[in-house]
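Owing to the predicted nature of the structure, the values given are computational and were not obtained by experimental measurement.
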Amino acid sequence: MAKKRRSKKSQKQMKKLISLFLGLIVVIAVGFFGVESGFIGGESSLVPLVTDEMAFSLHVIDMGQGDSLLLSKDGKYALIDAGESLSPGERESRDAIFAYLDSLGVKQLEFLLITHQDYDHIGSALDVLKKYDVGVVYDNGVEHTSKTYENLMAYLVEEDVNYKVVRDGDRVTSPWDGVTIEVVSPPQNLIYSGKTADVNENSLVLKITYGDVSYLLTGDAEEKAEEYILSTYADIDVNIIKAGHHGSSSSSTMDFLYRVTPEIVLISCGEDNDYGHPHIEPLENFAKFTTAENIFRTDIDGDIVVTTDGTKYSFAVRNAPHDASKILISGNGVKV
């Protein structure tokens with residue numbers, strides 16, 4: 001059974017890599033009135049919807065069961081997480097991330113931000129640092145003893161990489177005019193489970209704003225982090241949310257969503273993943289705020305790009321057309 005799953009995943013990754021190298025063109029701007037969906041092209045390319053060169057784009061890279069988000073504007077790029085979904089000896093996720101960045105001609109990253117220390121968020125981070133010119137590495141500063149994280153920290157010291165710890169109240173220096181990046185969690189004194197700082201709960205949560213359009217990127221933040229954000233920020237309403245913890249039932253509570261009121265939901269999860277992500281509970285919650293047409297999943301849609309000019313936004317998916325009939329079904333096959 002496991003071999004069949006690995007084979008299916010490998011075939012998908014190979015198809016994706018070929019597709020990326022043949023014709024990936026990213027959404028660069030928005031030119032429609034109101035909110036428009038852009039399901040143009042198909043497996044071979046991600047066709048731009050419009051041509052406003054000043055627009056800001058969020059790319060959710062389909063790298064399997066993990067996270068890697070690319071931000072782009074004005075020919076400048078930054079990466080949030082660079083995970084790996086397989087064992088350290090296998091590099092399918094790294095290859096998918098590299099293929100995506102290379103297809104855009106990315107040579108330099110303004111920053112690499114690590115939301116937290118789990119392997120599915122940092123497993124390819126060291127590879128990214130060795131391949132691309134990275135200006136700054138941001139981290140939450142939580143101590144972690146995994147060999148992957150220790151090797152990453154050692155490399156930062158050895159290579160004298162610019163490294164900064166950020167938490168709630170800090171701002172990530174934005175390389176783009178008009179774009180603000182606020183850290184809204186974890187708290188400066190962190191969130192603890194007993195005597196240990198909880199890895200997921202202390203994920204860096206970012207509120208990114210460009211003009212009238214805002215994003216909430218949540219890493220693997222769970223219920224305690226959501227409660228902290230609600231108790232700290234009176235206004236956390238955004239247009240677009242990246243669902244916490246790959247659509248796990250540990251995140252995206254109704255109390256949180258009532259304040260966030262998302263119009264667009266993005267879920268990064270692997271096809272046929274072993275965790276059953278996304279779980280049925282958050283899908284039921286999301287469905288109370290938006291429709292399946294506005295919920296996107298990398299396991300179904302492949303790469304996802306949301307682009308805004310600061311007033312309007314639009315989106316495109318690699319596996320066009322977006323099949324809304326598959327969206328509200330959990331990873332375990334339960335339908336909303």
Is Thr173 close to Val136 at the side-chain level, that is, under 4.5 Å between some pair of heavy atoms? no

Would you mind listing every salt bridge (charged side-chain N to carboxylate O under 4.0 Å, His left out) that reaches into residues 234-250, with sequence neighbours excluded? Asp67-Lys242

With no hydrogens and no angle check, just 3.5 Å: does a side-chain donor-acceptor pair link Ser146 and His144? yes

Do Val238 and Val213 have side chains that get closer than 4.5 Å, going by heavy atoms? no

With a 4.5 Å heavy-atom cut-off, do Val317 and Phe296 have their side chains touching? yes

Please tell me whether Tyr138 and Asp170 have a donor and an acceptor in their side chains that are separated by less than 3.5 angstrom. no

In a table with atom names and distances, give each donor-acceptor pair under 3.5 Å that connects a side chain of residues 277-286 to protein atoms at least two apart or in another chain.
residue, atom, partner, partner atom, Å
His277, ND1, Gln65, NE2, 3.0
His279, ND1, Ser249, N, 2.9
His279, ND1, Ser249, OG, 3.3
His279, NE2, Tyr275, O, 3.0
Asn285, ND2, Ser252, O, 3.0

Taking all heavy atoms of Ile229 and all of Val184, pick out the closest pair and write down the distance. CG1-O, 3.7 Å

Are Val334 and Ile329 connected into the same hydrophobic cluster when the rule is that any two of I, L, V, M, F, W, Y join if their side-chain heavy atoms are below 4.5 Å apart? no

Between His322 and Glu293, is there a side-chain donor-acceptor contact under 3.5 Å, judged purely by atom types and distance? no

Testing the 3.5 Å rule here: is there a donor-acceptor pair between the side chains of His246 and Ser268? no

Please identify each residue that fulfils side chain to side chain contact (heavy atoms under 4.5 Å, CB included) with Ala292, with sequence neighbours left out. Ala324, Ile327, Leu328

Asp220-His116 side chain donor-acceptor pair, cut-off 3.5 Å: yes

Test side chain to side chain donor-acceptor pair (under 3.5 Å) on Tyr210 and Asp309; report intermediate values, then the result. CA-CA 8 Å; Tyr210 182 44; Asp309 63 357; over 6 Å; no

Can any side-chain N or O of Glu201 pair as donor or acceptor with the backbone N or O of Tyr192 at less than 3.5 Å? no

Which residues satisfy the side chain to side chain contact (heavy atoms under 4.5 Å, CB included) test with Pro175, sequence neighbours excluded? Lys76, Glu110, Phe111

Judged by modelled atom types alone, do Asp303 and Tyr100 share a side-chain donor-acceptor pair under 3.5 Å? no

Under 3.5 Å, is there a donor-acceptor pair linking the side chains of Ser93 and Ser124? no

Residue list, ring pair (Phe, Tyr, Trp, His ring centres under 6.0 Å) with Tyr149, at least two apart or on another chain: none

Phe98-Tyr132 aromatic ring centre distance below 6.0 Å: yes

Pairing donors with acceptors under 3.5 angstrom, does anything connect the side chains of Ser57 and Thr307? yes

For Tyr233, ring pair (Phe, Tyr, Trp, His ring centres under 6.0 Å) partners two or more places apart: none

For Glu223 and Thr253, which I'm curious about, is there any donor-acceptor pair between the side chains at under 3.5 Å? no

Quick check: does any side chain N or O of Asp198 sit under 3.5 Å from a backbone N or O of Asn200, one acting as donor and the other as acceptor? yes

Within the side chain of Asn319, is there an N or O that forms a donor-acceptor pair under 3.5 Å with the backbone of Ile300? yes

Between Ile241, Asp301, Ile295, which is the residue that forms a side-chain contact (heavy atoms from CB on, under 4.5 Å) with Ile267? Ile295

Is a side-chain donor-acceptor pair under 3.5 Å present for Glu263 with Tyr313? yes

Pair Asp81, Thr115: side-chain N/O donor-acceptor within cut-off below 3.5 Å: yes

Side chain to side chain, Leu206 and Val183, heavy atoms closer than 4.5 Å: yes

